[in-house]
Amino acid sequence: MPQPRFELPPQYDPRAVERRLYQRWLDRGVFTARTESSREPYVIVMPPPNITAILHTGQGLNVVIQDVLIRFERMRGREAEWLPGTDHAGIATQNVVERLVAKEGKTRFDLGRERFVERVWAFVRETGNTILEQLKVIGSSCDWSRTRFTLDDAYSRAVREVFVRLWEEGLIYRGHRVIHWCPHCLTALSDEEAESKDTDGKLYYIRYPVQGGPTPFLTVATTRPETLLGDTAVAVNPKDVRHAGFVGNVARLPIADLPIPIVADEAVDPTFGTGFVKVTPAHDATDFDIGLRHKLETPLVMTEDGRMEHPTRVPPSLAGLDRFDARVQIVDLLKELGLLEKVEPHRHAVRHCYRCDTVVEPRLSDQWFVKMTPLATPVLAAYRDDRFQIAPERWRATFEHWMENIRDWNISRQLWWGHRIPVFTCARCGEQWADRADPTQCRTCGGPVVHDPDVLDTWFSSWLWPFATFGWPERTADLARFYPGHTLVTAPEILFFWVARMLMSGYHFMEGRLPFTTVYLHGTVRDTQHRKMSKSLGNGIDPLDVVRLYGADALRWTLIAGSSLGADVILDPGDLETTFAPGRNFANKLWNIGRFILAQLPERVQPLDALDAQHLPLVDRWILSRAQGAVREATASLEQFRLDEAAKRCFDFVWKELADWYVEAVKPRLAPNSASGDAASVAAAQAVLTYCFDVALRLLHPVVPFITEELWQKLPGRTADELLAVAQWPVALDAWGDAAAEVQFALVQDAIAAMRNLRAEYRVSPKARVGAVLTSKTREAQRAFEGERETIVRLAQLQVLRFDGRRAADTGAYAVLADGSEVFVALSDAIDVQQECRRLSGELTRLDQQLAGLIGKLANQQFVARAPAEVVAKEREKERAWRDQRQGLADKLRSLGCS
RNA sequence: GGGCGAAUAGCUCAGCGGUUCAGAGCGCCUGCCUUACACGCAGGAAGUCGGGGGUUCGAAUCCCUCUUCGCCCACCA
């Protein structure tokens with residue numbers, strides 16, 4: 001008896017291998033792309049997580065998809081560059097540190113700008129790389145040698161260069177307008193950063209006294225009564241005949257007790273509310289526009305942190321009140337004054353800060369904007385020209401609509417953590433310019449300069465990620481090699497924040513070369529109630545918990561196999577076992593297939609091309625052909641970003657085909673002292689097993705890299721320094737495709753299944769060996785059955801298998817196969833003629849029904865005339881086979897003497 | 001107010017260039033510790049493919065409509 005080459009435990013333990021293998025990959029530098037390589041590059045830049053983030057399942061999904069793609073292309077021989085890094089995340093990070101400072105009873109203003117920023121840096125240095133370390137735990141094959149941070153010196157130079165260039169091109173301007181303001185974060189936000197949420201609010205109908213109008217009062221409707229203190233007009237639609245008489249009159253603003261004009265303006269929707277609109281130019285974007293048209297004052301009646309304040313308009317009783325408290329007070333006051341007509345429930349969209357969820361306050365201020373139309377236009381054209389694709393395609397309309405209606409981008413943030421806006425203003429002559437360096441005096445008059453205090457929107461740095469990470473604006477070798485990239489994998493939430501802007505910056509600054517060819521938008525990870533997983537809901541799953549309990553491969557398997565292109569992934573945080581056990585079980589299955597195969601193999605195994613197909617048993621030709629199919633289909637699926645399809649195809653090949661059929665069929669050949677185990681046959685079986693398992697491991701490696709690497713290295717002929725991570729992706733070998741073998745072996749499987757079914761039906765003990773007779777319908781079937789006689793005997797647990805059709809002496813059970821071949825299993829002890837009659841007539845009835853339908857179809861002239869000839873021929877063939885089956889069943893029934 | 005997506009076995013999902021497509025995993029039922037694996041093996045039950053209408057020889061699969069969820073966009077305060 002040969003000594004097994006390995007002693008492996010029967011259960012796969014991920015903890016024993018993952019850390020070691022990851023280190024091995026790192027040590028061998030297989031994730032590091034070589035600038036000087038002559039291979040065709042394949043580049044993915046990772047969406048940089050926030051520097052303070054810890055890994056959550058959504059990022060897990062994002063990262064695993066990228067890892068599958070990058071590992072696939074790496075094995076296909078591309079110079080694979082997956083660039084990782086982190087984002088300084090201005091608002092989010094500043095908020096985190098402000099909370100820390102608050103615990104010491106201080107604010108950032110107590111520390112001052114310089115010390116506060118230093119404090120943030122210290123925090124970032126201390127905790128900043130947590131998430132990158134976590135990415136390693138789940139197997140991410142990133143090029144860590146090129147890790148970037150959006151506040152690195154080199155990266156900051158790129159940001160500044162971009163700002164200055166845009167300034168010089170006249171695409172950056174100072175805008176005086178109503179923007180989204182977060183009273184908690186104390187900064188302006190872009191349109192994208194102010195998320196609208198449908199909210200149940202109230203619509204307040206408020207009476208304003210009118211001097212000399214048609215009626216003593218007019219009534220406005222508003223959802224934000226507190227802003228009335230900032231009203232400078234009441235407006236009606238010029239076409240609104242109901243209210244035409246009011247235009248030109250003066251209303252009396254309640255509480256503030258000021259006269260305000262009544263004006264006519266197109267922006268008013270006469271069908272909403274009463275048709276009268278209060279106009280608050282400093283706290284509403286539409287009202288600001290109305291104000292411009294009518295030359296209205298623009299008083300701000302709130303502080304930056306959302307408290308009521310104005311020297312004349314806000315009465316002392318309300319001054320300093322939070323806007324929502326003020327709302328209550330003002331409504332009470334109006335009630336007392338008899339000016340509150342009614343209050344209605346009203347559902348409407350309310351903007352919230354995407355970082356702290358505070359209700360955003362529209363606020364008039366001065367901010368820096370980027371003109372977006374010139375940047376968006378060529379990208380939109382390129383998209384329509386198919387120069388890049390968004391997968392899934394259904395995002396097209398959304399993307400195009402946004403690009404067509406793009407609005408200028410507010411890029412200034414009133415924060416301290418971030419890239420300082422490089423705009424300088426002369427205190428003496430007022431000269432203002434953007435500078436690549438920090439000037440000490442005015443470039444025209446030599447006067448003292450003031451540096452703009454604000455920082456740039458975080459996204460103003462991350463939109464440069466595909467080229468700033470490779471050294472732009474320097475003309476580096478890396479930039480030449482790895483720009484443009486190929487696939488961008490991300491969640492749809494940041495399509496506008498990030499993806500669209502990267503396309504624009506790439507086009508604009510890289511001579512019209514777009515940063516990638518495919519944008520892959522994956523789904524969102526949700527719980528079983530379809531709620532997004534989030535910290536605040538407490539419905540998250542910690543990927544590291546999953547790794548600890550089930551292994552990284554199990555996590556990856558569930559995420560990949562569980563999500564088709566762009567679809568959401570539903571996971572059950574309350575039942576990790578159900579959610580992740582399938583992946584763990586699959587890994588364990590692979591492990592045990594490997595354990596069995598490895599135990600059968602000698603030091604040297606013949607290569608596939610040493611085998612002669614002519615002399616191989618049917619089952620060998622079958623599995624080799626199936627292997628080619630698996631290679632072809634898995635590869636095609638990966639190329640189409642159908643990672644789930646690829647994973648499932650490999651799963652079926654290795655479990656349903658290789659393990660359940662081939663391994664079981666081949667066991668007797670491999671058994672020591674087996675009659676059928678002649679040397680050539682054993683060697684062939686070993687070669688086939690080795691080849692098929694090798695192929696399976698390669699195909700599965702992108703999805704489950706750890707267990708496949710671990711097993712692959714143990715295959716015969718592997719040298720110590722070979723790694724699956726950089727092994728060659730399999731190619732389908734036409735020579736081993738064998739359609740006939742697939743058809744023939746399917747008959748064998750059919751026969752075995754029928755026998756097993758009959759045994760189970762009659763409760764024959766699995767240990768009992770029975771006799772069986774197979775009567776072939778066709779010569780092809782006969783060859784298949786005879787060739788795989790031993791397989792049938794073994795897998796159907798037979799005592800004896802005859803093909804001669806003589807079975808007169810035995811009682812037993814019958815079945816007819818799809819091709820009309822007949823199966824008889826001798827069950828003299830167990831058989832119950834009554835039961836058999838019932839069973840067979842049931843079969844017959846079912847078959848008759850099917851047949852009747854089919855005959856009807858073929859009798860239909862329309863079908864025969866209009867359906868493709870192929871289809872009709874197929875149906876005719878089917879009819880013939882079913883008639884044969886029917887005949888067989890009828891014969892059995894007669895021979896059993898059933899009534 | 002627009003636009004998009006989803007509704008298929010108890011659960012999570014494939015299938016959607018029309019004609020063995022009614023599937024997988026989990027769960028369930030019956031047997032099995034068959035010397036790779038009980039995280040396993042063999043067998044089985046289970047869905048009028050959300051409702052209605054239409055096109056067609058033929059529809060989970062195309063068209064229309066309704067219902068229920070979810071998402072995105074939008075200056076009706």
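In the text below, chain A, chain B and the rest are named by the order of the sequence lines, each starting its count at 1. In what follows, every heavy atom counts, from backbone to side chain, and hydrogens, waters and symmetry copies are set aside.
- Across all strands shown, U48(B) remains unpaired; no Watson-Crick or G-U wobble contact has both distances below 3.5 Å.
- Atom-to-atom, CD1 of I707(A) to P of A36(B) comes out at 18 Å; the value is rounded to the nearest Å.
- Comparing the same atom, C1', in A46(B) and in A9(B) gives a spacing of 6 Å after rounding to whole Å.
- In this structure, of G44(B), A74(B), A36(B), it is A36(B) that holds the atom nearest to the side chain of A659(A).
- When the P atom is compared between G25(B) and A42(B), the two are found 11 Å apart, to the nearest whole Å.
- When ring centroids are compared, F272(A) and H346(A) come within the 6.0 Å threshold.
- Contact between Y662(A) and A685(A) at its shortest, heavy atoms only, is OH-CA, 3.8 Å.
- With respect to R794(A) and E790(A), no salt bridge is recorded, no charged nitrogen being found less than 4.0 Å from a carboxylate O.
- Residue contacts shown for A349(A) include a base, since a base heavy atom lies under 4.0 Å away.
- Among the protein residues, N757(A) comes within range of the sugar-phosphate backbone only, with heavy atoms under 4.0 Å from sugar or phosphate atoms but none that close to a base.
- Nucleic acid contact class of V268(A) (heavy atoms, under 4.0 Å, all strands): base.
- For E879(A) and R886(A), the salt-bridge test fails: no basic side-chain N is under 4.0 Å from an acidic carboxylate O.
- Rounded to an integer number of Å, the gap from L521(A) CG to G5(B) P is 14 Å.
- For the pair K589(A) and F651(A), the NZ or CZ position fails the cation-pi test of under 6.0 Å to the six-membered ring centre and within 45 degrees of the ring normal.
- If you measure from atom CZ of R363(A) to atom C1' of C75(B), you get 19 Å, rounded to the nearest angstrom.
- Side-chain contact check for E195(A) and Y354(A): no donor-acceptor pair (N or O, by modelled atom type) lies under 3.5 Å.
- Residue H401(A) places no side-chain N or O under 4.0 Å from the OP1 or OP2 atom of A74(B).
- In this structure, R649(A) reaches neither bases nor backbone, as no heavy-atom distance under 4.0 Å exists between it and the strands shown.
- Across the C1' atoms, A38(B) and G31(B) are found 14 Å apart, a figure rounded to whole Å.
- Both distances falling under 3.5 Å, in either a Watson-Crick or a G-U wobble arrangement, place C71(B) opposite G3(B).
- When the C1' atom of G44(B) is taken as reference, atom OH of Y762(A) falls 16 Å away, rounded to whole Å.
- For the P atoms, the distance linking U65(B) with A24(B) amounts to 35 Å, nearest Å.
- Considering only heavy atoms from C-beta on, T578(A) stays 4.5 Å or farther from D572(A) through its side chain.
- Pairing for C16(B) is absent, with no Watson-Crick or G-U wobble pair whose two atom distances lie under 3.5 Å.
- Comparing the same atom, P, in G23(B) and in G5(B) gives a spacing of 28 Å after rounding to whole Å.
- Here the side chain of D287(A) pairs no donor or acceptor atom with the backbone of A282(A) at under 3.5 angstrom.
- Anti is the glycosidic conformation of A7(B), whose angle departs from 0 by more than 90°.
- Remark: C1' of U12(B) and CG of D527(A) are 13 Å apart, rounded to the nearest angstrom.
- Counting non-hydrogen atoms under 4.0 angstrom, V663(A) reaches a base of the nucleic acid.
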Expected string for nucleotides 21-35 of chain B under the B/S/- scheme (protein heavy atoms, under 4.0 Å, primed atoms plus P, OP1, OP2 as sugar-phosphate) is ----SS---SS-S--
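- Mapping R394(A) and L203(A) onto RNA chain B by nearest heavy atom places R394(A) closer to the 5' end of the strand.
- One distance of note links CG of N237(A) with CZ of F276(A); it measures 12.0 Å at 0.5 Å rounding.
- Base pairing analysis places A42(B) opposite U30(B); the two distances defining the Watson-Crick or G-U wobble pair are each below 3.5 Å.
- Salt-bridge check for R649(A) with E645(A): failed, with every basic side-chain N at 4.0 Å or more from each acidic carboxylate O.
- Taking the P atoms as reference points, U68(B) lies 27 Å from G15(B), given to the whole Å.
- Projected onto RNA chain B by closest heavy-atom contact, R584(A) and S196(A) fall at different nucleotides, the more 5' of which corresponds to R584(A).
- Using the Watson-Crick or G-U wobble rule with both distances under 3.5 Å, U55(B) pairs with nothing in any strand shown.
- For A753(A), the listed nucleotide lying nearest its side chain is G43(B); candidates were G43(B), G15(B), A77(B).
- Nucleic acid contact class of R396(A) (heavy atoms, under 4.0 Å, all strands): none.
- Atom C1' of nucleotide G40(B) and atom CG of N592(A) are separated by 8 Å, given to the nearest angstrom.
- Counting non-hydrogen atoms under 4.0 angstrom, R756(A) reaches the backbone sugars and phosphates but no base.
- At A74(B), one or more side-chain N or O atoms of R407(A) fall inside 4.0 Å of OP1 or OP2 (strictly under the cut-off).
- Of the C1' atoms belonging to U34(B) and U20(B), the separation is 33 Å, rounded to the nearest Å.
- Counting non-hydrogen atoms under 4.0 angstrom, A221(A) reaches a base of the nucleic acid.
- Residue M533(A) contributes atom CE, which lies 13 Å from atom P of U12(B) at whole-angstrom precision.
- Among the atoms of the strands shown, only primed sugar atoms or phosphate atoms (P, OP1, OP2) are found under 4.0 Å from some heavy atom of H346(A).
- Rounded to an integer number of Å, the gap from CG of L670(A) to C1' of A36(B) is 12 Å.
- One side chain, K278(A) or T227(A), offers a donor N or O that lies under 3.5 Å from an acceptor on the other.
- Comparing G17(B) with G1(B), their P atoms sit 33 Å apart, to the nearest whole Å.
- With hydrogens and angles ignored, a donor-acceptor pair closer than 3.5 Å exists between the side chain of E664(A) and the base of A36(B).
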